[in-house]
Amino acid sequence: MAEQKEGSSVQLHQEDVDKNNPPGTLIQEEIIRQPDDVVATPSSAVKVEAGLDNGKTSAASSTERHISIQTKLEGLEMLVDLNGAGRKACPLCPEERFKACYSHKLRRHLQNLHWKVYVEFEGHRMCICHLPCRQLKPNFGGDQATGRLVAHYHCVVCSVTIARKTDMISHLKRHVNKGETEASYTGGSEVPFEDPVPIGQAYEIMKELGTNVQLLPNHTTPQKSDTYFNRKMKTNRQLVFCSMAVLAEERNPLECLDAFGATGIMGLQWAKHLRNAVKVTINDINEACVKMIRENCHLNHIRAEGSRVPCHADTTGDVEGVPITSVEVVKMDANVIMHLRPFDYIHLDPFGTAVNYLDAAFRNVRNLGIVSVTSTDTGSLYSKALNVTLRHYSCQIVRTEYYRELAARIVVATVARAAARCNKGIEVLLAVAVEHFVLVVVRVLRGPTQADESTKKIRQLIHCQWCEERVFLKAGSMVEENLYRQLPCNCHGSMPGKTAVELGPLWAGPLFNTGFLRRMLFAAVHHSMDDIQPLVKTLICESECTTLKSFSTHGHSLHTNQVECGVVIKTLQKAEEATSADLSGKRKITEESGNVLKKSKFDPSLEHPPFYYSIHRHSIRGMNMPKLNKFLQYLTEAGFRVSRTHFDPTGVRTDATLAQFKAVLTKYSVPTYTTSQSGSHGLSTEEGARKVE
């Protein structure tokens with residue numbers, strides 16, 4: 001009772017001050033901000049007592065709540081002594097809005113106006129509040145003091161005031177998407193940074209490739225979550241892991257960087273499976289992501305090193321008390337850390353395009369190191385936003401049947417130009433466009449000579465818009481009189497107007513390295529990655545442009561295939577004999593690799609033909625096409641190199657021109673009516689025989 005009287009006296013003092021001071025003065029602006037703190041003190045004390053009786057509300061959280069946030073109607077009625085005599089004012093309305101009245105009328109007012117007009121969140125009702133907690137809304141004349149008070153709600157999580165109910169509901173959804181609940185927010189100040197939030201409240205555990213990670217409920221929405229995680233990117237993560245496993249066989253230890261950690265699952269998979277062969281650095285600029293990465297390190301018994309080491313890392317890191325390995329967790333901008341430190345393997349996977357980080361990645365990467373780039377801006381790469389494509393990649397494109405490979409060649413060309421600016425060349429090891437991402441893995445070759453060789457493979461493409469025939473422009477700086485002559489088709493002569501467009505600049509070199517892909521297949525089998533093995537096998541056939549599937553997962557035969565394909569890598573035998581301290585040996589191997597590259601890079605038999613044709617796109621109307629595997633056999637018998645492609649399930653990669661492709665397709669296609677007529681003739685013959693009998 002004493003606390004309630006004190007609260008009423010404070011309110012009366014507030015009303016006296018409002019009367020003695022003219023509106024719009026500084027004193028009034030200061031007093032407007034005070035009722036949240038002054039009035040909340042006695043009501044909070046009352047709520048603490050009620051919460052202790054109920055056993056549901058903690059003292060730490062209740063001291064921060066506004067009086068309009070209640071769990072029961074009794075708590076709202078306890079703000080005023082309704083059993084006493086005399087007139088009483090509403091605790092949530094100013095005097096000019098609701099005058100003091102008797103208890104029975106005030107009880108109906110609290111029930112009908114405040115308790116029934118609410119926003120509910122985790123058992124708490126945020127009742128509507130009419131106190132001058134918010135700034136006064138100005139009228140049309142611009143006079144703020146003569147405007148009306150704005151009814152509002154107080155957020156139970158962050159104590160912000162919002163006028164509209166729908167806006168408060170959206171505001172609470174954003175809190176849920178960020179993992180900020182009422183319990184985790186109010187108790188966050190007493191919990192150390194390293195202690196994880198209880199899993200039952202905000203997190204869920206997901207296991208992938210033997211690695212456990214905690215996920216927020218909104219992990220699938222990148223715009224609303226700081227720790228974004230996409231389950232569909234599992235293929236991307238496994239391909240990157242296999243490429244790193246291949247590089248780990250060449251040099252030991254391998255310094256690798258996951259520039260955009262998010263949940264840290266990719267870097268944790270590297271450290272957990274490759275152990276001492278790699279030194280993993282996981283970076284992210286977001287504080288919430290860094291906290292999540294450290295908690296996931298503790299979840300997988302991995303010691304997190306960095307500026308702030310978790311207090312439980314040394315005691316509960318493993319079942320036996322010793323962590324299995326360690327990773328370095330860094331909170332820094334990706335461009336800064338790549339400028340400061342050299343790495344052997346760098347993986348870039350930002351949300352969207354990676355063009356802003358390519359210069360920093362190639363600035364400090366070591367010789368014969370690997371840079372993998374994941375681009376998820378499919379809107380610009382797949383010809384849906386041509387202005388964005390021109391802005392990010394400086395490339396002119398149109399929508400084509402081979403748009404996925406076109407996107408991969410756009411990214412490779414951008415990577416090659418970024419490497420050339422740092423006097424480095426690239427060797428494309430892998431270029432994949434699957435689902436909603438484009439993954440490019442390149443090996444870095446130092447030197448201006450290698451940079452010049454890489455830039456020579458960036459050319460323009462001529463694309464016929466009538467038949468979709470395409471060809472890269474010939475190298476050279478001389479201007480030809482008629483560029484249509486380079487196209488194998490004759491659409492320009494038979495069709496009026498301009499029939500072709502010039503696309504690019506694009507990467508005109510090969511997109512795959514057969515020897516590297518075979519070693520990736522061996523790593524996928526060794527680490528039991530059954531999901532990507534069919535994809536890697538398809539890539540191997542596509543790189544060789546053959547339908548013969550001869551795969552071997554043994555080390556000796558793997559080394560033989562590697563030499564035949566002219567891959568610039570150290571053999572497994574040399575990797576076991578060489579040590580990390582033998583710098584002269586490394587230099588010698590590097591020189592030998594450069595010689596192998598110079599001998600094999602001009603061999604046209606090692607390069608697969610660019611682009612592919614869709615069998616459905618070029619089918620003949622009224623004709624039944626042969627099965628795809630049969631059609632591949634027919635093209636092979638005709639003397640063409642042919643293979644399937646991962647870019648399109650109905651695509652055929654071949655060195656035949658479009659006219660030759662259509663000729664073979666027409667030859668082995670059967671008219672639609674032939675089957676039905678022959679079937680009807682057969683039935684009539686059988687029926688006639690039966691009648692004769």
Exercise for review: Evaluate the criterion side-chain contact (heavy atoms from CB on, under 4.5 Å) for residue pair Val652 and Leu632; output intermediate values, then yes/no.
Suggested key: CA-CA 8 Å; Val652 177; Leu632 296 178; 3.5 Å; yes

Side chain to side chain donor-acceptor pair (under 3.5 Å) with His436: of Asn230, Thr376, Thr378, only one passes, and it is Asn230

(Q) salt bridge (charged side-chain N to carboxylate O under 4.0 Å, His left out) for Glu435 and Lys234? Distances and angles first, verdict last. (A) CA-CA 11 Å; Glu435 295 182 353; Lys234 180 180 179 181; over 6 Å; no

Verify, without hydrogens or angle tests, whether Asp344 (side chain) and Cys256 (backbone) share a donor-acceptor contact under 3.5 angstrom.
-> no

Has Asp377 got a side-chain atom pairing as donor or acceptor with Gly379's backbone, closer than 3.5 angstrom?
no

Donor-acceptor under 3.5 Å (Asn283 side chain, Met332 main chain) | yes

Donor-acceptor pairs under 3.5 angstrom involving side-chain atoms of residues 263-270: please list them, not counting sequence neighbours.
from: Gln269; atom 1: NE2; to: Glu208; atom 2: O; distance (Å): 3.3
from: Gln269; atom 1: NE2; to: Glu208; atom 2: OE2; distance (Å): 3.2
from: Trp270; atom 1: NE1; to: Met266; atom 2: O; distance (Å): 3.4

- Distance only, no hydrogens: is a donor on one side chain within 3.5 Å (strictly under) of an acceptor on the other, for His646 and Glu542? yes

Applying side chain to side chain contact (heavy atoms under 4.5 Å, CB included) to Gln660 and not counting sequence neighbours gives Phe640, Ala656, Thr657

Scan the side chains in residues 346-357 for donor-acceptor partners under 3.5 Å anywhere in the protein, sequence neighbours excluded, and list what turns up.
from: His347; atom 1: ND1; to: Ser372; atom 2: OG; distance (Å): 2.7
from: Thr353; atom 1: OG1; to: Val355; atom 2: N; distance (Å): 3.4
from: Thr353; atom 1: OG1; to: Tyr393; atom 2: OH; distance (Å): 3.1

### Query
Can any side-chain N or O of Glu469 pair as donor or acceptor with the backbone N or O of Leu658 at less than 3.5 Å?
yes

For a quick test of your reading: what N or O donor-acceptor pairs under 3.5 Å do the side chains of residues 406-413 make, sequence neighbours left out?
from: Arg409; atom 1: NE; to: Glu405; atom 2: OE2; distance (Å): 3.2
from: Arg409; atom 1: NH1; to: Trp507; atom 2: O; distance (Å): 2.6
from: Arg409; atom 1: NH1; to: Gly509; atom 2: O; distance (Å): 2.9
from: Arg409; atom 1: NH2; to: Glu405; atom 2: OE2; distance (Å): 3.0

Should Arg644 and Tyr612 be marked as a side-chain contact (heavy atoms from CB on, under 4.5 Å) after you check the CA-CA gap, both sets of side-chain angles, and the distance that decides it?
CA-CA 9 Å; Arg644 302 190 67 170; Tyr612 54 89; over 6 Å; no

> If you draw a 6.0 Å radius around NZ in Lys279, do more than 12 non-hydrogen atoms from other residues or ligands fall strictly inside?
Replying inline: no

Residue pairs meeting ring pair (Phe, Tyr, Trp, His ring centres under 6.0 Å), one or both in residues 361-386, sequence neighbours left out, come to Tyr382-Tyr403

Is it the case that the side chain of Thr325 and the backbone of Ile302 share a donor-acceptor pair, with hydrogens and angles ignored and the cut-off at 3.5 Å? no

(message) In terms of relative ring orientation, are Phe512 and Phe647 parallel, tilted or perpendicular, with 30° and 60° separating the classes?
(response) tilted

Check: Around His526, counting heavy atoms of other residues, nucleotides and ligands shown, do more than 12 lie under 6.0 Å from its NE2?
Finding: no

The side chain to side chain donor-acceptor pair (under 3.5 Å) partners of Asn629 (sequence neighbours excluded) come to none

Next on the checklist: Could you walk me through whether Thr374 and Met233 satisfy the side-chain contact (heavy atoms from CB on, under 4.5 Å) test, starting with their C-alpha distance in whole Å, then the side-chain angles of each, then the deciding distance to 0.1 Å, before giving a yes or no?
Outcome noted: CA-CA 10 Å; Thr374 300; Met233 295 291 284; 3.8 Å; yes

CG of Asp359 to CZ of Arg421, rounded to nearest 0.5 Å, is 4.5 Å

Next on the checklist: Check Glu480 with Arg485, please: is the shortest side-chain N to carboxylate O separation under 4.0 Å?
Outcome noted: no

Practice problem: Answer yes when Glu607 and Arg641 have at least one side-chain N-carboxylate O distance shorter than 4.0 Å, and no when they do not. | Solution: no

Does a sphere of radius 6.0 Å around CZ in Arg366 hold more than 12 heavy atoms from other residues, nucleotides or ligands, not counting ones at 6.0 Å or beyond?
yes

Between Val329 and Ala304 the two heavy atoms that sit nearest each other are CG2-CB, 4.1 Å

Q: Kindly determine whether His463 and Ile397 satisfy side-chain contact (heavy atoms from CB on, under 4.5 Å), including the steps that lead there.
A: CA-CA 10 Å; His463 170 80; Ile397 57 174; over 6 Å; no

| Hey, is Glu401 close enough to Arg470 for a salt bridge, meaning N to O under 4.0 Å? | yes

Open item on the list: Is it the case that atom CD in Glu328 sees more than 12 heavy atoms from other parts of the structure closer than 6.0 Å?
Closed with: yes

Flag, side chain of Asp655 to backbone of Pro609, donor-acceptor distance under 3.5 Å: no

- Around atom CG of Asn387, are there more than 12 heavy atoms of other residues, nucleotides or ligands at under 6.0 Å? yes

| query | For the side chain of Lys272 and the backbone of Gly210, is there at least one donor-acceptor N/O pair under 3.5 Å apart? | reply | yes

Practice problem: Classify the angle between the aromatic ring planes of Phe661 and Tyr613 as parallel (below 30°), tilted (30 to 60°) or perpendicular (above 60°). | Solution: tilted

